[in-house]
Number of protein chains: 2
Amino acid sequence: MIKFKNTEYQCSMELTLDLIGGKWKALILWYLGENTLRFSELRKALPKVTQKMLTQQLRELEESGLVKRFIYTQIPPKVEYSLTEAGKSLLPILATLCQWGLNYISQLEPSTSKHSCQASEQ
Amino acid sequence: MIKFKNTEYQCSMELTLDLIGGKWKALILWYLGENTLRFSELRKALPKVTQKMLTQQLRELEESGLVKRFIYTQIPPKVEYSLTEAGKSLLPILATLCQWGLNYISQLEPSTSKHSCQASEQ
DNA sequence: CAGAATCCCCGCAGATACTG
DNA sequence: CAGTATCTGCGGGGATTCTG
């Protein structure tokens, strides 16, 4: 039994899912990768995520200490996001998950298995 | 770009999240582990998941080929769930995630870090 | 540009009852 | 026991507008 932030978890997997199990969190972390991206760049990278959701999930990731937010006090505004060390420590696991997905489809359709698995290119 | 089951994914991470990113899927997979569990046992293991949700998520996992469903044709009914090989191939990754969660909290509160990380004991 | 705020819909998920 | 079926609510999340 684990207590954390007024929530009880019977397993640390539950805790982990609370941190990165949000609707878009894993994807955001993955696309951030080692990069530093502006809000608008993240939006372009994740067109399926509405701006509201993106902001919301980023706030939660920031509160969990997985994402850093750097604000340039200027007009027009400029905000950059990047992973914290804790966030970066997830990248290898996410990479494995990504690779697992590739293996999964290549098992089912051994013919057309020429896909790529990369998140962070400029 | 990946096409799979009439859905387009721009990254295999999206595909992976479609497979195991459901609200309870990772948890179900994790608690199944190497075990074979009856429906009622799964319910006891996951008290926060309603029976309806559990059934639904299990169906989706089954359709994805990650979970096997074995029906004893008898009365009263008996149904057992276990992971397929594809499902079991996820366990090491889930274990890493679980461990990551433990590290995460032990970083934040170095004092009370005496938790456990195990899903599958009878 | 990066968001906060507002409105509002619909579908997720809970509760309950029923069945083989 | 292991589900389906039905009803219902409420809040997640979309679309849009406004602001510093």
Side-chain angles (χ1 to χ4, degrees), chain A residues 6-8 10 14 17-29 31-32 35-64 66-84 122, chain B residues 6-10 14 17-29 31-32 35-64 66-83 122:
Chain A
N6 299 328
T7 309
E8 291 200 346
Q10 56 168 324
E14 289 185 22
L17 290 177
D18 255 18
L19 294 173
I20 64 167
K23 190 170 187 184
W24 304 105
K25 287 185 184 156
L27 216 52
I28 292 172
L29 294 170
Y31 274 81
L32 267 177
N35 303 319
T36 295
L37 296 181
R38 297 187 58 169
F39 186 75
S40 53
E41 294 174 318
L42 267 175
R43 289 208 62 186
K44 263 177 273 180
L46 298 161
K48 293 178 185 172
V49 188
T50 62
Q51 159 258 28
K52 181 186 176 181
M53 277 299 98
L54 186 54
T55 304
Q56 187 179 110
Q57 302 277 295
L58 280 168
R59 289 294 175 283
E60 294 181 15
L61 287 170
E62 189 188 0
E63 192 174 3
S64 302
L66 300 178
V67 160
K68 263 179 306 192
R69 182 159 170 255
F70 190 82
I71 307 171
Y72 295 83
T73 50
Q74 66 177 42
I75 288 178
K78 175 177 175 181
V79 180
E80 286 183 339
Y81 292 92
S82 59
L83 296 188
T84 62
Q122 195 68 340
Chain B
N6 298 330
T7 310
E8 291 199 346
Y9 304 96
Q10 55 167 325
E14 289 184 21
L17 290 177
D18 254 17
L19 294 172
I20 64 166
K23 192 170 186 182
W24 304 106
K25 286 183 185 160
L27 217 53
I28 292 172
L29 294 170
Y31 274 81
L32 267 177
N35 303 320
T36 294
L37 296 181
R38 298 187 58 169
F39 186 74
S40 53
E41 293 174 317
L42 267 175
R43 289 209 62 186
K44 262 177 273 181
L46 298 161
K48 293 178 186 173
V49 187
T50 63
Q51 161 258 27
K52 180 186 176 182
M53 276 300 98
L54 185 55
T55 303
Q56 188 179 108
Q57 301 277 296
L58 280 168
R59 289 294 175 283
E60 294 180 15
L61 287 170
E62 189 188 1
E63 190 174 3
S64 303
L66 300 178
V67 160
K68 263 180 303 194
R69 182 158 169 255
F70 190 82
I71 308 171
Y72 295 82
T73 49
Q74 66 177 43
I75 289 180
K78 176 178 175 180
V79 179
E80 286 183 339
Y81 293 92
S82 58
L83 296 189
Q122 196 68 341

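For the OP1/OP2 pair of C:dA4 and a distance below 4.0 Å, the side-chain nitrogens and oxygens of A:R59 include at least one atom meeting the criterion. Here B:Y81 reaches the OP1 or OP2 of D:dG3: one of its side-chain N or O atoms lies under 4.0 Å away. Residue B:K23 places at least one side-chain N or O under 4.0 Å from the OP1 or OP2 atom of C:dA13. Considering only side-chain N and O atoms, A:R38 lies nowhere under 4.0 angstrom from the phosphate OP1 or OP2 of C:dC1.
No hydrogens or angles considered: a donor-acceptor pair under 3.5 Å links the side chains of B:D18 and B:Y9.
If you take CD of B:Q74 and C1' of D:dA2, they are 11 Å apart, rounded to a whole angstrom. Protein atom CD of A:Q57 is 11 Å distant from nucleotide atom C1' of D:dG12, rounded to whole Å. Rounded to whole Å, the distance from NZ on A:K78 to P on C:dC1 is 12 Å. Atoms CD (B:E60) and P (D:dG3) sit 15 Å apart, rounded to a whole Å. B:Q56 places its CD atom 15 Å from the C1' atom of D:dT6, with the value rounded to the nearest Å. Straight-line distance from the CZ atom of B:R43 to the P atom of D:dA2: 10 Å, rounded to whole Å. Between the CD atom of A:E62 and the C1' atom of C:dA2 there is a distance of 13 Å, given to the nearest Å. Regarding A:L58, its CG atom lies at a distance of 11 Å from the P atom of C:dA4, rounded to whole Å.
For the contact set between residues 47-55 of chain B and DNA chain C, defined by any heavy atom under 4.0 Å, the members are B:T50, B:K52, B:M53.
For B:I71, the CD1 atom sits in a packed shell: over 12 heavy atoms of surrounding residues, nucleotides or ligands are nearer than 6.0 Å.
Scanning both residues, B:K25 and B:Q57, for their nearest heavy atoms gives CG-OE1, 3.2 Å.
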Exercise. Go through the steps for A:L17 and B:W24 under the test side chain to side chain contact (heavy atoms under 4.5 Å, CB included), then give the verdict.
Key: CA-CA 9 Å; A:L17 290 177; B:W24 304 106; over 6 Å; no
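Between A:W24 and B:P76, the residue whose closest nucleotide on DNA chain D is further toward the 5' end is B:P76.
With values rounded to the nearest 0.5 angstrom, B:L37 atom CG is found 5.0 Å from B:L42 atom CG.
Salt-bridge annotation for A:K68 and A:E62: absent, with no side-chain N of the basic residue lying under 4.0 Å from a carboxylate O of the acidic one.
A:Y81 has its side chain out of reach of A:N35: every pair of non-hydrogen atoms, C-beta onward, lies at least 4.5 Å apart.
Each of D:dG3, D:dG13, C:dA13 was ranked by its minimum atom distance to the side chain of B:R69; first place goes to D:dG3. Of the listed nucleotides (C:dG3, D:dG20, D:dC1), C:dG3 has the atom at the smallest distance from the side chain of A:V79.
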